[in-house]
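Quick notes on the structure that follows.
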Amino acid sequence: MSEHVHLTVQTLSGVFEGDFEEDQKLQDVIDETLQTLDIKPSPGDDYVLECNDVDLEPQQTIEQSHLTDGAVLFLAPCEGGGGIR
(Lines give C-alpha, C1' and ligand atoms only; values in the text may rest on other atoms or scores of the structure.)
Protein backbone atom coordinates (compact mmCIF):
# COMPACT_ATOMS: atom_id res chain seq x y z
CA MET A 1 0.00 0.00 0.00
CA SER A 2 1.29 3.41 -0.96
CA GLU A 3 2.18 6.00 1.67
CA HIS A 4 0.67 9.47 1.63
CA VAL A 5 2.96 12.49 1.30
CA HIS A 6 1.91 16.04 2.16
CA LEU A 7 3.32 18.51 -0.37
CA THR A 8 3.25 22.31 -0.49
CA VAL A 9 3.48 23.89 -3.94
CA GLN A 10 4.31 27.58 -4.17
CA THR A 11 3.42 29.51 -7.33
CA LEU A 12 3.26 33.15 -8.36
CA SER A 13 -0.54 32.83 -7.99
CA GLY A 14 -0.63 31.37 -4.49
CA VAL A 15 0.16 28.30 -2.44
CA PHE A 16 -1.43 24.85 -2.79
CA GLU A 17 -1.12 22.12 -0.17
CA GLY A 18 -2.25 18.58 -0.77
CA ASP A 19 -1.82 14.95 0.18
CA PHE A 20 -0.65 12.61 -2.55
CA GLU A 21 0.30 8.96 -2.77
CA GLU A 22 3.98 8.13 -3.31
CA ASP A 23 3.16 6.34 -6.57
CA GLN A 24 1.44 9.38 -8.11
CA LYS A 25 3.27 11.11 -10.93
CA LEU A 26 4.49 14.66 -10.45
CA GLN A 27 2.34 15.65 -13.43
CA ASP A 28 -0.66 14.91 -11.17
CA VAL A 29 0.73 17.37 -8.61
CA ILE A 30 1.19 20.01 -11.34
CA ASP A 31 -2.30 19.44 -12.75
CA GLU A 32 -4.00 19.58 -9.34
CA THR A 33 -2.10 22.73 -8.40
CA LEU A 34 -3.07 24.50 -11.64
CA GLN A 35 -6.70 23.44 -11.25
CA THR A 36 -7.00 24.34 -7.55
CA LEU A 37 -5.39 27.76 -7.98
CA ASP A 38 -7.38 28.36 -11.20
CA ILE A 39 -4.21 28.89 -13.25
CA LYS A 40 -5.02 28.59 -16.94
CA PRO A 41 -1.84 28.13 -18.98
CA SER A 42 -1.85 29.40 -22.55
CA PRO A 43 -1.54 26.75 -25.26
CA GLY A 44 2.09 25.70 -25.47
CA ASP A 45 2.96 26.90 -21.95
CA ASP A 46 5.09 24.45 -20.02
CA TYR A 47 5.57 24.52 -16.28
CA VAL A 48 8.58 23.37 -14.31
CA LEU A 49 8.30 21.90 -10.82
CA GLU A 50 11.39 22.22 -8.67
CA CYS A 51 12.56 21.32 -5.21
CA ASN A 52 15.74 22.76 -3.70
CA ASP A 53 16.60 24.42 -7.04
CA VAL A 54 16.47 21.07 -8.86
CA ASP A 55 14.04 20.62 -11.76
CA LEU A 56 11.84 17.56 -11.29
CA GLU A 57 10.66 15.26 -14.07
CA PRO A 58 6.83 15.32 -14.38
CA GLN A 59 6.71 11.68 -15.54
CA GLN A 60 8.43 10.45 -12.37
CA THR A 61 6.51 9.46 -9.28
CA ILE A 62 6.79 11.28 -5.98
CA GLU A 63 8.76 8.32 -4.63
CA GLN A 64 11.15 8.24 -7.63
CA SER A 65 11.81 11.94 -7.07
CA HIS A 66 12.74 11.24 -3.43
CA LEU A 67 10.20 13.75 -2.12
CA THR A 68 9.37 13.35 1.54
CA ASP A 69 6.37 14.30 3.62
CA GLY A 70 6.30 18.07 4.08
CA ALA A 71 8.40 18.89 0.99
CA VAL A 72 8.01 22.40 -0.43
CA LEU A 73 7.99 22.65 -4.22
CA PHE A 74 7.99 25.60 -6.60
CA LEU A 75 5.91 25.64 -9.77
CA ALA A 76 6.56 28.26 -12.42
CA PRO A 77 6.27 28.67 -16.17
CA CYS A 78 9.37 27.58 -18.04
CA GLU A 79 11.61 30.46 -19.03
CA GLY A 80 10.99 31.27 -22.69
CA GLY A 81 13.44 30.61 -25.43
CA GLY A 82 11.85 28.64 -28.26
CA GLY A 83 13.84 26.01 -30.03
CA ILE A 84 13.21 22.41 -30.91
CA ARG A 85 12.11 19.97 -28.27
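Just so you know, these numbers come straight off a predicted model, no measurement behind them. Side-chain atoms are counted along with the backbone in the values below, which use heavy atoms only and exclude waters and symmetry mates.
- With sequence neighbours excluded, no residue forms a side-chain hydrogen bond (donor to acceptor under 3.5 Å, both in side chains) with Glu32.
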Show, in sequence, the C-alpha distance, side-chain angles and deciding distance for Ile62 and Val29, and conclude whether the side-chain contact (heavy atoms from CB on, under 4.5 Å) test is met. CA-CA 9 Å; Ile62 291 168; Val29 176; 4.1 Å; yes
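- Nearest heavy atom pair, residue Thr68 against residue Leu7, reads O-CD2, 4.1 Å.
- Here the closest heavy-atom approach between residue Thr8 and residue Glu17 is recorded as OG1-CG, 3.5 Å.
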Got a list of side-chain donor-acceptor pairs under 3.5 Å for residues 38-45, not counting sequence neighbours?
residue: Asp38; atom: OD1; partner: Lys40; partner atom: NZ; Å: 2.3
residue: Asp45; atom: OD2; partner: Ser42; partner atom: N; Å: 3.0

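- Annotation: side chain of Gln27 is in contact with side chain of Asp31 (closest heavy-atom distance under 4.5 Å).
- Annotation: the span from Glu63 atom CD to Glu21 atom CD amounts to 11.5 Å, rounded to 0.5 Å.
- In terms of the side-chain contact (heavy atoms from CB on, under 4.5 Å) criterion, residue partners of Asp28 (sequence neighbours excluded) are, by chain and number, Gln24, Lys25.
- Residues meeting the side-chain hydrogen bond (donor to acceptor under 3.5 Å, both in side chains) test with Asp69, sequence neighbours left out: none.
- Through side-chain heavy atoms spaced under 4.5 Å, either directly or across other Ile, Leu, Val, Met, Phe, Trp or Tyr residues, Leu12 is tied to no other residue.
- In Asp19, the CG atom is crowded: over 12 heavy atoms of neighbouring residues, nucleotides or ligands sit closer than 6.0 Å.
- Atom CZ of residue Phe16 and atom OG1 of residue Thr36 lie 4.0 Å apart, to the nearest 0.5 angstrom.
- Distance check: Leu49 CG to Ile30 CD1 gives 5.0 Å after rounding to the nearest 0.5 Å.
- Listed by chain and residue number, nothing satisfies the side-chain contact (heavy atoms from CB on, under 4.5 Å) test with Gln35 (two or more places apart in sequence, or in another chain).
- Residues passing the side-chain hydrogen bond (donor to acceptor under 3.5 Å, both in side chains) test with Asp55, sequence neighbours excluded: none.
- Taken from CG in Leu56 to CD in Glu50, the straight-line distance is 8.0 Å, to the nearest 0.5 Å.
- Grouped with Val54 in a hydrophobic cluster is no other residue, since no side-chain heavy-atom contact under 4.5 Å to another Ile, Leu, Val, Met, Phe, Trp or Tyr is found.
- Take Thr11 and apply the side-chain hydrogen bond (donor to acceptor under 3.5 Å, both in side chains) test, not counting sequence neighbours, and it matches no residue.
- When every heavy atom of Gln64 is checked against every heavy atom of Thr61, the shortest pair comes out as OE1-N, 2.8 Å.
- Taking all atoms of both residues into account, the shortest heavy-atom contact from Leu75 to Val9 is CB-CG1, 3.7 Å.
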Yes or no on side-chain contact (heavy atoms from CB on, under 4.5 Å) for Val15 and Leu37, after CA distance, side-chain angles and deciding distance? CA-CA 8 Å; Val15 176; Leu37 296 178; over 6 Å; no
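- Hydrophobic cluster of Val72: the remaining members, joined at side-chain heavy-atom separations below 4.5 Å, are Phe74, listed by chain and number.
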